[in-house]
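Here is the structure we will look at.
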Amino acid sequence: MTSAPPGWYPAEDGNLRYWDGAAWTEHTQAVPPAAAPAFAPPMYSPYAPTGAYGLPRPERDGFGIASLVLSIPGVLILSIPFGIIGLVRFKQRTRRGPVPAILGLAFSALWIGAVVILIVVGVGHDVTRDATGAVTQSGKISPADLHEGDCVVLPRVVDGTFQNVELVPCDQPHNGQVFTILNAPAGPYPGGTALRESSLDACRTALQEWLGTDQTLLHVVSFFPTELRWRLDDRRERCLAVDRDRDVTGDMRKYK
């Protein structure tokens, strides 16, 4: 070290000791920590977002779509269970789009309602006639299907619209009989009130001719067409002779 210039040099104890150029001094100091190497921050290439974060979007439910398709022609045996499965899968969030399943069940419900209405309307429509058209078995029937000479059971007070009437063989107790069927004059639909009045007037005149007298205790009831049937060119008015006080058997003219 005789040729070393003055300065701090490593010593045996691991520290630095000062050399004055001729001898070691008593001055020591710790070795300064090494400076951390400088480095540039990592570079990231910019990117555009491609979608929302989270789980992938569920697919549309095939059962719901099948329910809607099958409900239109009324394949209820499949449309109803498929619609229920579609709603369950939507609630479990395994499929999206509950609208097809809901529509499928709605159309299925409409079909069920239509079937129920047909059953209700058809209940009791078991009227049978013989070869001459005479009723042999009683039942419910639409007023539009009444024949001349038919015998019916009506309420004591006849008012409002009739969906059906009880038709019976004329040898059974009844209080009304269709004595003639008229045709209202052609033209635009005159309205319910006007048609009712004109129909009753025509039936009263026809009743006098049928009975052969204008003196009678029988009343007149007229079943006239609705506006819908009028538009279908059905202008038939069914005139009935009615006894409001009692039920009779046979031809109503015997009790005039």
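Positions are given from 1 along the sequence. Everything numeric in this text was worked out from a predicted model, so none of it was measured.
Under the 4.5 Å side-chain heavy-atom criterion for grouping Ile, Leu, Val, Met, Phe, Trp and Tyr, L103 is connected to L110 within one hydrophobic cluster. In the hydrophobic clustering of ILVMFWY residues, with side-chain heavy atoms under 4.5 Å counting as a link, V153 and V127 come out apart. L240 and V168 sit in two unconnected hydrophobic clusters of ILVMFWY residues. Membership requires side-chain heavy atoms under 4.5 Å apart, directly or through other members. Under the 4.5 Å side-chain heavy-atom criterion for ILVMFWY residues, no single connected hydrophobic cluster contains both V69 and I102. A continuous path of Ile, Leu, Val, Met, Phe, Trp and Tyr side chains, each step under 4.5 Å between heavy atoms, connects I85 with L78, placing both in one hydrophobic cluster.
Between the S71 side chain and the L68 main chain, a donor and an acceptor come within less than 3.5 Å of each other. No side-chain donor-acceptor contact under 3.5 Å links R238 to the backbone of H147. When atom types are taken as modelled, the side chain of T136 and the backbone of T128 share a donor-acceptor pair closer than 3.5 angstrom. For N15 (side chain) and T28 (main-chain N/O), no donor-acceptor pair under 3.5 Å exists by modelled atom type.
A salt bridge between D201 and R204 is present, with a side-chain N of the basic residue lying under 4.0 Å from a carboxylate O of the acidic one.
Residues V242 and V220 are not in side-chain contact: their nearest non-hydrogen atoms beyond the backbone lie 4.5 Å or more apart. With a 4.5 Å cut-off on side-chain heavy atoms, K140 and Q163 do not count as touching. Counting heavy atoms from C-beta on, the side chains of R196 and S199 never come closer than 4.5 Å. When side chains are defined from C-beta on, L76 counts as touching I112, because their heavy atoms get closer than 4.5 Å. R236 places none of its side-chain heavy atoms less than 4.5 Å from the side chain of L182. Inter-residue side-chain proximity for V221 and R244 is flagged as unmet; no heavy-atom pair is nearer than 4.5 Å. In this structure, Y189 and P225 have side chains that are not in contact, with every pair of non-hydrogen atoms separated by 4.5 Å or more. In this structure, V135 and Q137 have side chains that are not in contact, with every pair of non-hydrogen atoms separated by 4.5 Å or more.
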Evaluation steps, side-chain contact (heavy atoms from CB on, under 4.5 Å), between W230 and L195
CA-CA 11 Å; W230 187 280; L195 184 58; 4.0 Å; yes
Worked check of side-chain contact (heavy atoms from CB on, under 4.5 Å) between N164 and I141:
CA-CA 5 Å; N164 52 61; I141 191 173; 6.0 Å; no
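For the residue pair C151 and L167, the shortest heavy atom distance occurs at O-CD1, 3.1 Å.
Counting heavy-atom neighbours within 6.0 Å of R231 CZ, excluding the residue itself, gives a total of 12 or less. Enclosure of atom CH2 in W8 by more than 12 non-hydrogen atoms of other residues, nucleotides or ligands within 6.0 angstrom is indicated.
For the residue pair S79/S108, the side-chain donor-acceptor check at 3.5 Å is satisfied.
Two rings, from Y9 and W19, have their centers 6.0 Å or more apart.
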